[in-house]
Amino acid sequence: LTDCLFCSIAAGDIPADTMSESDRVMAFRDISPQAPTHVLVIPKAHYPDIGALVATDAALVGELVRTAADVASAEGIEGGWRLLFNTGPDAGQTVFHVHAHILGGRRLGALG
Ligand code: AMP
Ligand code: ZN
């Protein structure tokens with residue numbers, strides 16, 4: 001039992017629109033998409049944010065990025081895509097289980 005939403009998704013206790021899954025990484029569609037393609041990539045293990053993850057398991061960051069690139073290929077978003085980690089309150093992080101957003105399928109605005 002966990003009160004972390006993305007741990008619950010990783011455990012299969014809460015359903016998600018899953019695009020890919022390995023023993024360590026999962027990709028699923030964002031429930032409130034901000035672009036035609038909006039997919040989240042998470043490690044199954046719990047880390048609060050990307051800083052904590054890279055400090056502990058940098059290879060797992062590589063697996064997340066590889067998964068994101070594979071998802072982008074599968075989605076056919078040749079026009080381009082963005083990969084981002086919201087980190088902390090100023091960036092608008094709301095779920096404190098690290099996740100990469102993949103955004104694509106339309107022209108994206110500038111950051112900031
Ligand atoms: P962040 O603001 O970076 O913490 O992003 C959290 C993201 O999780 C938001 O884009 C939400 O729409 C998304 N989200 C919240 N609950 C779910 C869920 N049950 N399944 C999929 N995505 C979710
Ligand atoms: Zn978690």
Side-chain angles (χ1 to χ4, degrees):
L1 218 69
T2 172
D3 48 18
C4 172
L5 175 62
F6 288 175
C7 281
S8 298
I9 287 177
D13 294 336
I14 289 178
D17 187 353
T18 303
M19 296 196 63
S20 80
E21 186 171 358
S22 70
D23 47 333
R24 299 227 289 168
V25 172
M26 210 173 146
F28 53 91
R29 292 193 191 277
D30 196 289
I31 203 167
S32 176
Q34 304 300 305
T37 292
H38 188 176
V39 174
L40 302 177
V41 186
I42 64 166
K44 290 183 172 177
H46 182 88
Y47 299 89
D49 61 33
I50 188 62
L53 173 58
V54 75
T56 308
D57 192 343
L60 187 48
V61 177
E63 290 184 42
L64 291 183
V65 176
R66 170 178 298 238
T67 300
D70 289 346
V71 166
S73 292
E75 286 286 286
I77 42 182
E78 292 89 359
W81 49 284
R82 184 172 288 162
L83 187 64
L84 65 91
F85 294 90
N86 290 327
T87 306
D90 279 359
Q93 187 178 4
T94 60
V95 177
F96 290 86
H97 178 129
V98 61
H99 51 281
H101 294 258
I102 305 164
L103 292 161
R106 67 165 168 81
R107 184 79 186 193
L108 300 167
L111 288 176

Check: Got a sec, which residues hit ring pair (Phe, Tyr, Trp, His ring centres under 6.0 Å) with F28, two or more places apart in sequence or on another chain?
Finding: F6
Check: Do you know which two heavy atoms are closest between G104 and A35, and how far apart they sit?
Finding: O-CB, 3.5 Å
Margin query: With ring-ring contact (aromatic ring centres under 6.0 Å, His included) as the rule and sequence neighbours excluded, what pairs involving residues 48-79 come up?
Written below: none
Check: Considering residues at least two apart in sequence or located in another chain, which fulfil the side chain to side chain donor-acceptor pair (under 3.5 Å) criterion with H46?
Finding: H97
Notebook entry, point to check: How many angstroms lie between CG in L64 and CG in L40, if you round to the nearest 0.5 Å?
Noted result: 11.5 Å
Margin query: Per the ring-ring contact (aromatic ring centres under 6.0 Å, His included) rule, what does the pair list look like for residues 72-91, sequence neighbours excluded?
Written below: none
Check: What pairs meet the ring-ring contact (aromatic ring centres under 6.0 Å, His included) rule with one or both residues in residues 54-76, with sequence neighbours excluded?
Finding: none
For a quick test of your reading: what N or O donor-acceptor pairs under 3.5 Å do the side chains of residues 65-74 make, sequence neighbours left out?
unit_1 : atom_1 : unit_2 : atom_2 : d
T67    : OG1    : E63    : O      : 2.8
S73    : OG     : A69    : O      : 3.2

Item checked: Of V98, L53, T56, the residue whose pairing with V61 passes side chain to side chain contact (heavy atoms under 4.5 Å, CB included) -> L53
Item checked: Common cluster, L60/V39, ILVMFWY with side-chain heavy-atom separation under 4.5 Å -> yes
Next item on the list: Report the residues that fulfil side chain to side chain contact (heavy atoms under 4.5 Å, CB included) with L84, sequence neighbours left out, ordered by chain and then residue number.
Entry: R82, N86, H101, L103
Next item on the list: Could you tell me the separation between the CD1 atom of I31 and the CD1 atom of I9, rounded to the nearest 0.5 Å?
Entry: 7.5 Å
Note to self: Can you pull out every salt bridge (charged side-chain N to carboxylate O under 4.0 Å, His left out) where at least one residue sits in residues 43-54? Sequence neighbours excluded, please.
What the structure shows: E21-K44
Notebook entry, point to check: Looking only at heavy atoms, what is the nearest atom pair of T87 and Q93, with distance?
Noted result: CA-OE1, 3.4 Å
Note to self: Between L83 and I50, is there shared hydrophobic-cluster membership here, with clusters defined by ILVMFWY side-chain heavy atoms closer than 4.5 Å?
What the structure shows: yes
Checklist line | Sequence-distant partners of R29, side chain to side chain donor-acceptor pair (under 3.5 Å), two or more places apart | finding: E75
Check: Hey, any chance M26 and I14 share a hydrophobic cluster, counting ILVMFWY side chains that come within less than 4.5 Å of each other, even indirectly?
Finding: yes
Checklist line | S32: partners by side chain to side chain contact (heavy atoms under 4.5 Å, CB included), with sequence neighbours left out | finding: D30, Q34
Next item on the list: Please round to the nearest 0.5 Å and tell me the distance separating atom CD1 of I42 and atom SG of C7.
Entry: 7.5 Å
Note to self: I need the full list of salt bridge (charged side-chain N to carboxylate O under 4.0 Å, His left out) pairs touching residues 98-112, with sequence neighbours left out, sorted by first then second residue.
What the structure shows: none
Checklist line | Partner set under side chain to side chain donor-acceptor pair (under 3.5 Å) for D57, not counting sequence neighbours | finding: R24
